[in-house]
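These values consider heavy atoms only, across backbone and side chains, with no hydrogens, waters or symmetry-generated copies.
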2 protein chains.
Amino acid sequence: MPALLKTGELAHEAGVNVETIRFYERKGLLPEPPRRSSGHREYPRESVRRIRFIQRGKELGFTLHEIKGLLELRVDPETNCDAVRERALEKIADVKHKIADLRKIEKALRKLTDSCSGNGPKDDCPILVHLEKNL
Amino acid sequence: MPALLKTGELAHEAGVNVETIRFYERKGLLPEPPRRSSGHREYPRESVRRIRFIQRGKELGFTLHEIKGLLELRVDPETNCDAVRERALEKIADVKHKIADLRKIEKALRKLTDSCSGNGPKDDCPILVHLEKNL
DNA sequence: CTTGACTCCGTACCAAGGTACGGACGTTAT
DNA sequence: ATAACGTCCGTACCTTGGTACGGAGTCAAG
């Protein structure tokens, strides 16, 4: 268990692709690590946790941009719990909105499939008729 | 009310951008219309309905690729109502799946915000702790 | 017949979140 | 010391659904 990790080792331990590491660095989600004289990156073990933080944030529906914000909050000494909570509440509102949109779509689709026997020629298909009808 | 439409007129009547028309043509959603000798496109009025068909399909959550499939179904003389219904049912399943995923996310976020008083320093913030915790 | 508006085309660009490539080095095990 | 593998970098590519640009050509109204 080395104390310093090469890019590939970090990628492996965090369960992501090597290219993803460099991508996160470019996006400012992962700070630029020190380099050897050869230019090769040397990551502290902590970086593994940072990448996992990012992955968990993604699982919770945060974008990389938002995760960057959370990471910055985390470092800011002024941050209190409330600021973080605020972000999570916004994200909940966001998710609820998406769910509502999808439910509208589901309802509309169901209305169409319910009105469609499945038999009969396509000319009378309520679904196509709906898509074709003039507003 | 001209019988044949120029690209800009079609775009205007269908409520989309001129570039969108050309984009749909490239994607095979809009058949290539006849041209004048100058190369300018001349659309039949029917094209307005076709573009509206596409827009309504989008509202129902179909991708452009899927809409292309629906348009092809519509032309196929073998198509019966059932084939169209099938597509709609698949899309419903699709939408339900997305909703379920979002609900999981919502639940997880709510659990975190519920456990977070909003007071206290960030070091104890259950949300950050969750994001940081080792698996 | 001129002028301004429209159209043509290929191409580049945007968000988001990466993945892949290739040539030049660096590292490591044997 | 050499082979095999890792890493470096910039850049291109992928998806989806378009939008924007620029130079050249065309159309229609005055």
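In terms of modelled atom types and a separation under 3.5 Å, the side chain of A/Arg85 and the main chain of B/Thr113 share a donor-acceptor contact. No donor-acceptor pair closer than 3.5 Å links the side chain of B/Glu13 to the backbone N or O of B/Leu10. One N or O on the side chain of B/Arg56 and one on the backbone of A/Leu131 form a donor-acceptor pair closer than 3.5 Å.
What separates CZ of A/Arg41 from P of C/dT27 is a distance of 14 Å, to the nearest Å. Counting to the nearest Å, the P atom of C/dC8 and the CD atom of B/Glu42 are 10 Å from each other. Summarising the geometry, the separation between OH on A/Tyr43 and P on D/dT7 is reported as 10 Å, rounded to the nearest angstrom. One can place CG of B/Leu64 at 9 Å from C1' of D/dG18, the figure rounded to the nearest angstrom. Residue A/Leu10 contributes atom CG, which lies 14 Å from atom C1' of D/dG6 at whole-angstrom precision. The interatomic distance linking A/Ile21 (CD1) with D/dC8 (C1') rounds to 15 Å, in whole Å. In this structure, CD of B/Glu59 is placed 14 Å from P of D/dG17, rounded to the nearest angstrom. Rounded to an integer number of Å, the gap from A/Glu25 CD to D/dG10 P is 10 Å.
Heavy-atom distances to DNA chain C give each of A/Gln55 and A/Ser38 a nearest nucleotide, and the one nearer the 5′ end belongs to A/Gln55.
You'll find the side chain of B/Lys6 stays beyond 4.5 Å of the side chain of B/Glu42, heavy atoms only.
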- request: Evaluate salt bridge (Lys or Arg N to Asp or Glu O under 4.0 Å) for B/Glu46 paired with B/Arg50, printing each intermediate quantity in order.
  value: CA-CA 6 Å; B/Glu46 212 187 271; B/Arg50 193 168 177 116; 5.9 Å; no
field: Working for salt bridge (Lys or Arg N to Asp or Glu O under 4.0 Å), residues A/Lys91 and A/Glu66
entry: CA-CA 10 Å; A/Lys91 185 46 66 178; A/Glu66 290 162 340; 3.0 Å; yes
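Taking all atoms of both residues into account, the shortest heavy-atom contact from B/Arg87 to B/Leu73 is NH1-CD1, 3.7 Å.
Regarding contacts with the backbone of C/dG18, a side-chain N or O of A/Lys58 is found under 4.0 angstrom from either OP1 or OP2. Contact between the side-chain N/O atoms of A/Arg36 and the OP1/OP2 oxygens of D/dG6 is not found at any separation under 4.0 Å.
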Check the interface with nucleotides 19-22 of chain C: list each N/O to N/O pair with the protein under 3.5 Å, or write none.
from	atom 1	to	atom 2	distance (Å)
C/dT19	OP2	A/Thr20	OG1	2.3

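In this structure, A/Lys27 reaches neither bases nor backbone, as no heavy-atom distance under 4.0 Å exists between it and the strands shown.
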